[in-house]
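A quick note: this is a predicted structure, and the numbers were derived from the prediction, not measured. Every number for a ligand or one of its atoms is a count from 1 in the order of the listing.
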Amino acid sequence: METTGDLAASVRSILESAGERGGADAVLDVDPRSVERALERAEADGRVPIIAEVKPTSPTSDGVRNDDPATLAQEMVAGGATAISVLTEPTHFGGSADALRDVRAAVDVPVLRKDFVLEEAHLDLVEADLVLLIARFVDDLAGLLAAARDRGFQVLVEVHDRAELETALEAGAEVIGVNNRDLARLEVDLETFESVAPHVPDDVTLIAESGISTPADVRRMREAGADALLVGSAIMDHAGETDGDVRANTRRLTTAETDTT
Ligand SMILES: O=C(O)c1ccccc1NCC(=O)[C@H](O)[C@H](O)COP(=O)(O)O
């Protein structure tokens with residue numbers, strides 16, 4: 001696992017906290033909502049498949065939103081979101097397992113657990129339909145992927161470059177996210193997705209992550225091959241530039257391919 005290399009101080013701190021967090025007493029047995037079917041439904045409806053993220057704050061956010069996570073998620077679904085991502089990391093993102101439980105009970109779309117899962121016991125914190133594994137931070141990606149699937153989770157493996165993509169493919173990942181955020185400087189660059197996407201096999205579900213703000217960004221990522229897009233900040237609007245209307249912010253992105261005005 002990469003812990004000391006070229007990483008922002010906040011990311012090193014996130015990893016330290018993650019390493020100290022325990023697991024749970026029982027091994028989970030999840031009955032997941034299908035991500036593939038949710039994507040098919042969105043495409044059939046003419047909605048851009050957006051995974052909208054309940055992200056109270058983050059090291060790069062301009063503020064904190066303390067709204068009820070379940071209400072936020074319902075508003076995102078009303079705006080056309082295909083799935084919901086919920087941060088469960090507590091110390092840097094304001095997330096919690098309870099938030100994810102509440103969200104999953106309040107919506108009927110798949111819910112992604114967004115966290116820094118480093119070892120098998122971390123998987124058992126809370127049920128979700130999809131769990132994130134970050135290729136760079138996991139020692140035995142194939143082993144953790146298998147452990148997650150054994151519990152019933154679908155797995156999103158996050159990569160940032162070609163080498164991490166190869167690691168993910170060798171481990172058997174079927175859903176891959178390319179993170180446009182560079183974890184050394186925490187800057188986003190949509191060219192990251194554009195440079196990695198052509199090397200992803202067609203049978204992999206491909207997700208563009210981070211830094212997607214506008215309908216033009218959505219169209220750009222879709223043209224580069226994204227089957228779905230993970231969006232947090234532009235929907236949460238921590239700075240309150242859009243009156244915090246997450247339904248409208250989600251709708252602006254889910255309609256990006258039909259409303260080009
Ligand atoms: O968002 C951050 O500030 C951040 C900092 C350090 C590590 C990870 C971080 N974000 C995690 C994510 O993957 C994003 O929340 C997600 O991709 C959505 O990104 P965005 O739409 O840019 O909020």
Side-chain angles (χ1 to χ4, degrees), residues 2-3 5-19 48-65 69 72-73 76 79 81-95 99-100 103 111-118 128 130-138 156-160 164 175-193 196 206-218 220-221 226 228-239 241-242 244 246 249-250 252-254 256:
E2 168 73 83
T3 51
D6 192 16
L7 289 175
S10 56
V11 177
R12 287 201 297 275
S13 167
I14 290 166
L15 291 173
E16 270 171 38
S17 315
V48 177
I50 298 286
I51 304 171
E53 186 158 277
V54 175
K55 179 177 186 178
T57 190
S58 83
T60 60
S61 296
D62 290 332
V64 182
R65 282 194 69 161
L72 284 172
M76 291 164 173
T82 292
I84 301 294
S85 166
V86 181
L87 263 309
T88 54
E89 201 280 344
T91 49
H92 300 77
F93 293 86
L100 193 147
V103 166
V111 178
L112 163 69
R113 177 180 168 205
K114 197 83 171 40
D115 206 329
F116 296 79
V117 170
L118 305 179
L130 184 67
V131 68
L132 178 81
L133 299 181
I134 303 176
R136 179 172 182 175
F137 299 143
V138 174
L156 166 59
V157 177
E158 178 179 298
V159 305
H160 183 66
E164 289 176 12
V175 183
I176 293 181
V178 178
N179 194 349
N180 289 310
R181 181 171 284 106
D182 143 32
L183 295 178
R185 288 168 299 138
L186 299 185
E187 286 170 3
V188 287
D189 182 350
L190 300 189
E191 275 185 28
T192 306
F193 182 84
V196 177
L206 180 58
I207 300 179
E209 299 179 19
S210 303
I212 299 150
S213 300
T214 65
D217 292 342
V218 168
R220 179 173 164 187
M221 293 292 93
L229 299 91
L230 174 65
V231 183
S233 309
I235 291 175
M236 291 296 290
D237 178 26
H238 300 96
E241 286 164 7
T242 58
V246 300
N249 293 342
T250 306
R252 203 162 47 95
L253 302 180
T254 59

Shortest protein heavy-atom distance from [atom], along with the residue and atom involved:
atom	result
atom 7 (C) of ligand 1	L183 CD2, 3.7 Å
atom 3 (O) of ligand 1	T60 OG1, 2.5 Å
atom 10 (N) of ligand 1	R181 NH1, 3.5 Å
atom 21 (O) of ligand 1	G232 N, 2.8 Å
atom 8 (C) of ligand 1	F93 CZ, 3.8 Å
atom 1 (O) of ligand 1	K55 NZ, 2.8 Å
atom 16 (C) of ligand 1	E53 OE2, 3.4 Å
atom 23 (O) of ligand 1	S233 OG, 2.5 Å

Practice task
Take N179 and T192 through the test side chain to side chain contact (heavy atoms under 4.5 Å, CB included) and record every step on the way to the result.
Solution key: CA-CA 8 Å; N179 194 349; T192 306; over 6 Å; no

So is [X] touching ligand 1 or not, going by heavy atoms under 4.0 Å?
X	value
V188	no
S10	no
L186	yes
A234	no

Problem - Test of proximity, G211 against ligand 1: N or O pairs below 3.5 Å - result: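 By distance alone, the answer is yes.
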
Practice task
Heavy-atom distances under 4.0 Å are what count here, so tell me which part of I212 touches ligand 1: side chain, backbone, both or neither.
Solution key: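 Under 4.0 Å from ligand 1, I212 contributes no heavy atoms.
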
Exercise for the section: For ligand 1, indicate whether the residue M236 contacts it via side chain, backbone, both or neither (heavy-atom separation under 4.0 Å). Expected result: neither

[X]: numbered ligand 1 atoms lying under 4.0 Å from its heavy atoms:
X	answer
P59	3 (O), 5 (C)
V231	21 (O)
S58	1 (O), 2 (C), 3 (O)

Distance in Å, [X] [atom1] paired with [Y] [atom2], rounded so as to fall on 0.5 Å steps:
X	Y	atom1	atom2	answer
T60	H92	OG1	NE2	12.5 Å
L183	R12	CG	CZ	12.0 Å
I51	T82	CD1	OG1	7.5 Å

[X] (side chain) donor-acceptor with [Y] (main chain) under 3.5 angstrom:
X	Y	answer
N249	I235	yes
D182	A184	yes
H238	D62	no

Practice task
Answer whether the closest heavy-atom distance between the side chains of V196 and E164 falls below 4.5 Å.
Solution key: no

Exercise for the section: Could you check if a side-chain atom of E158 sits within less than 4.5 angstrom of a side-chain atom of E209, using non-hydrogen atoms only? Expected result: yes

Problem - Given L229, V157, V175, the one that forms side chain to side chain contact (heavy atoms under 4.5 Å, CB included) with I207 - result: V175

Handout entry: Member of V188, L230, I50, D217 meeting the side chain to side chain contact (heavy atoms under 4.5 Å, CB included) criterion with I212
Key = D217

Problem - Under the side chain to side chain contact (heavy atoms under 4.5 Å, CB included) test, residues paired with E191 that sit two or more places apart - result: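 Side chain to side chain contact (heavy atoms under 4.5 Å, CB included) check on E191 returns D189, E194, R220.
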
Exercise for the section: Using heavy-atom distances, let me know which of K114, H238, E158 sits nearest atom 13 (O) of ligand 1. Expected result: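 Heavy atom nearest to atom 13 (O) of ligand 1 belongs to K114.
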
